[in-house]
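Numbering of residues begins at 1 and proceeds along the displayed sequence. Indexing begins at 1, ligand by ligand and atom by atom, following the structure's order. What you see is a predicted model; the values in this text were computed from it and never measured.
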Amino acid sequence: MELRIHLTFLFLLLFVMLSESATTGPTGAARGMALVAIIFGSVVLHEFGHAIVAVRSGVQVRGIMLLPIGGVTLMDPQEHMESVRNPTRETWISIAGPLVNVFLAGMAAVLLFTLRPGIDLWSKPWVTPSALAKSFFWTNVFMFAFNLLPAFPMDGGRVLRAWLARKMEFQQATRRAVTVGHIFAATMMLVGAVYSPWLMIIGFFIFLAAQMEERTVLFQSVVETVHMEDIMLTDFSTLSPADTLEDALHKAVHTLQDDFPVIRGSDLVGVINRQTIVDRLRREGNGYVQAAMNKAFEIASRSESLASAFRKLTTRGLTLIPVVDQERLVGIVTLQNLMHSMGLLAETRRLQRQSEET
Ligand SMILES: [Zn+2]
């Protein structure tokens, strides 16, 4: 598992160091850094909570990313999508993070009350470099409370969706949860407009994140229900391995295609794109397509879902996937035309939904 630290954390560290040392000297700077470490550590442990439960329920975790606004647990997208659709599993993975914070806050409170019986935990300021143990307690209390807000991208939003998804279709549950998130975000922005610009910024961010979650789910549902034959190009140009690169470039000029399947007789032997042809010509002069083409390509069948084909394309860094039916090339899907078809499909579905509603 990898841990990615967003650079902004370093700036935050620097900022706290500078502002503290200006007022209280080197001890202040050390305490400021310790406070950053506390916040940082709480975020990491929160994400570890998600990651551990995710791994235990069979979702591959690629790493944890830390952003200025919090952490993100990076999971295998396909496995994560499947797990999200399982309400029980999704609830446990989502709740695990905030539970870690409750546990840490509870531990801190118990320790503080036993070690320093007279301590006043409730007096302000709650998070400050001059009271580190208290700051640890409050950081975790805040993280717990903030993450349980029923709005994406907070964990509470996921729990809410999982709960709704027990009663309705997943996509509808997402839409409802997104609406609740929007109401929260709008309220935060309104309150923030009066009291604090920070609250406004956070509200705005939550608003966008909710939108993104809805789009992701919509995108997923599209790519899973669309098959290669729905979107493949059936009218396309091919190249032969015996073509010279100059011939190939000449052909490429006369078509809108950027990617070409390479055919010998009736066999598909490789794929090549315009950029590779141009690069080769520039670097090594004229040669044959045979030597420049990519032989390690993937193929798809007519009925294969776009989701599956998309995975093949992205994991291999390819831009073209030939569609084969009984060992015969029947079409191609390129990244270039994929984006275009996806746009058209989304539009078609939106129109369908509109006509269903009216
Ligand atoms: Zn979380």
If we ignore hydrogens and angles and just use 3.5 Å, is the side chain of N86 paired with the main-chain N or O of T88 as donor and acceptor?
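Between the backbone of T88 and the side chain of N86 there is a qualifying donor-acceptor contact (under 3.5 Å).
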
Examine distances only and state if a side-chain atom of N140 and a backbone atom of F136 form a donor-acceptor pair shorter than 3.5 Å.
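Answer holds: yes.
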
What is the name of the N/O/S atom of D155 that is nearest to the Zn ion (ligand 1)?
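Nearest N/O/S atom of D155: OD2.
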
H50: its N/O/S atom lying closest to the Zn ion (ligand 1) (atom name)
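In H50, the heteroatom (N, O or S) nearest the Zn ion (ligand 1) is NE2.
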
Taking 2.8 Å as the cut-off, does E47 contribute an N, O or S atom near the Zn ion (ligand 1), distance below it?
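It does not: E47 brings no N, O or S atom closer than 2.8 Å to the Zn ion (ligand 1).
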
According to the interplanar angle, ranging from 0 to 90°, do the rings of H182 and F207 count as parallel (below 30°), tilted (30 to 60°) or perpendicular (above 60°)?
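The rings of H182 and F207 lie parallel, inter-plane angle below 30°.
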
Is any side-chain heavy atom of H46 less than 4.5 Å from a side-chain heavy atom of D155?
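Heavy-atom side-chain distance check passes, below 4.5 Å.
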
